[in-house]
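A short worksheet on the structure shown next.
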Amino acid sequence: MNDAFDLRIGESHIEVHKFRTGAILFATLFALVIQAWFPLRFARATLLDFPLLVTIYFGLSRRNPSTGLLLGMAIGLFQDSLSGPTVPLGLYGIAKTIIGYLASSIGARLDTEHPAARFALTAVFFIAHQGLVFLTRRILLGQPEPWFNLHLLVAALVNALVAVFVFILLDRLRRPS
Amino acid sequence: MVAIPSRHRSLVLLAGVILLQVLLLAVQIKRDSQGRLIRSWTVGAVSPFERAGSYGFGWFRDIWRHYFALRNTTKDNEELRRENDALKLQVAQLQGKAAEADRLALLLNFRQSHTDVPMVAARVIGGSAGTASQTIELDRGERDGIRRNMGVITPDGVVGKVVEAYPNTAQVLLLTDKDSGVGAMLADSRIQSPVGGTGEPLLAMKYVPNDDTVRMGERVITSGMDRIFPRDLPVGTIAEIKSGNPFKQIRIKPAANLQRLEEVLVLLTLHPLQMKNESAPAEAQPSAAVPATPAPGAIR
């Protein structure tokens with residue numbers, strides 16, 4: 001099996017990556033564990049959303065909307081499950097499903113290998129993710145809360161910065177071309 | 001099955017996955033005042049249709065009731081009018097029966113208060129065939145014991161006497177007939193005089209001397225002298241008094257309504273009658289208490 005192949009859209013050539021066996025599963029579980037454990041040691045780590053970063057990364061890399069949204073759904077539901085009884089199953093699931101779909105769709109059209117592109121896309125996706133969570137809480141659950149503020153912006157930038165480095169680590173899980 | 005274009009498959013999948021998770025959310029969330037969210041959502045999703053359906057049904061029902069259903073209103077009105085007429089007729093019949101029941105009750109009471117006098121109730125089934133005589137026809141005759149010259153009365157007063165008795169019917173000559181008469185007397189002055197018909201609504205008291213004092217409105221009762229009617233039955237009241245030669249011309253208004261007779265009592269005896277309370281005031285005429293006097297003769 002090829003490790004990567006070209007996806008031709010118009011005149012551009014987008015590379016679709018394949019990953020080592022179990023890499024996605026491993027990365028997902030690791031992100032969830034880190035997400036659950038890290039804030040216990042570092043309070044400010046609550047700003048980070050590692051499952052979201054994993055969702056974005058595999059979406060951008062695999063560039064398949066269907067697998068991207070399914071992976072986002074799975075990661076979101078796992079995150080919901082680990083978030084305690086106050087977070088209903090589906091809150092992060094819906095948001096990460098959409099983010100996985102968007103990341104895969106955008107990844108199929110843009111070159112997302114550059115760190116700057118990854119930074120920008122992650123920041124946008126983070127804000128979009130929080131927006132989806134906000135909408136879900138407000139519309140579906142009737143739990144309105146403030147959405148866009150400085151804290152969100154900072155969190156988006158921090159996650160985007162962290163994502164640049166995490167994505168480099170995750171690139172190592174790709175099958176060599 | 002509908003084929004989904006490949007470029008849209010991921011969108012369909014996205015929509016399905018999100019819908020599933022939304023449902024998953026709804027199943028989990030339980031609001032304090034509204035129960036589980038899925039229930040709230042379901043009610044919220046269904047209620048607009050229910051409300052619209054209810055309004056729509058109400059609108060349609062109103063339209064139907066106020067417009068289309070009126071097409072049958074004319075027919076309904078006709079039926080109701082017919083029914084109303086039938087009910088009016090029924091009411092009239094019932095009123096007639098009630099009045100008849102009252103009259104029969106009076107007859108029954110009269111009979112029960114005069115148990116010593118055999119009598120039979122009869123219904124008036126006909127009247128005079130011409131103006132030459134004033135008679136009525138009863139639905140009872142010889143088979144019921146009715147014979148000629150038997151007295152006919154009502155609880156109000158004297159009616160007349162039987163002039164013909166047939167097996168099943170009888171003919172009665174009313175007191176107003178010019179050939180009719182009854183032994184009578186004034187209730188207060190106790191002046192006796194036969195009273196006879198004149199062919200007119202008023203009777204005539206024929207043999208009261210001018211010297212006797214007679215008051216307008218004084219009651220006239222039977223004297224029992226005719227051997228047909230028992231004493232103290234009302235005959236009428238004095239309605240007109242004129243001096244005559246040698247007797248007063250006295251007109252009497254009959255006590256019984258002879259113009260509208262429906263049920264009468266026929267006295268089933270040809271012997272001189274005496275009321276059981278002859279020595280005491282009669283129930284119907286307490287002021288007419290007079291000693292029993294043998295009837296000298298019958299009035300034709």
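- When side chains are defined from C-beta on, B:I18 does not count as touching A:M73, because their heavy atoms never get closer than 4.5 Å.
- No other option in A:T136, A:L89, A:I98 has as many heavy-atom pairs under 4.5 Å with chain B as A:L89.
- A:F78 CZ: 12 or fewer foreign heavy atoms inside a 6.0 Å radius.
- Residue A:L69 comes nearest to B:S10 through the heavy atom pair CD2-O, 3.4 Å, listed as atom of the first residue, atom of the second, then distance.
- Annotation: side chain of A:Y101 is not in contact with side chain of B:V17 (no heavy-atom distance under 4.5 Å).
- Here the CG atom belonging to A:L102 is positioned 8.0 Å from the CG atom belonging to B:L14, to the nearest 0.5 angstrom.
- Summarising the geometry of A:I94 relative to B:Q21, their closest heavy-atom pair is N-OE1, 3.2 Å, with the distance given to 0.1 Å.
- When side chains are defined from C-beta on, A:L70 counts as touching B:L13, because their heavy atoms get closer than 4.5 Å.
- Put simply, OG on A:S105 and CG on B:L11 are 7.5 Å apart, with the number rounded to the nearest 0.5 Å.
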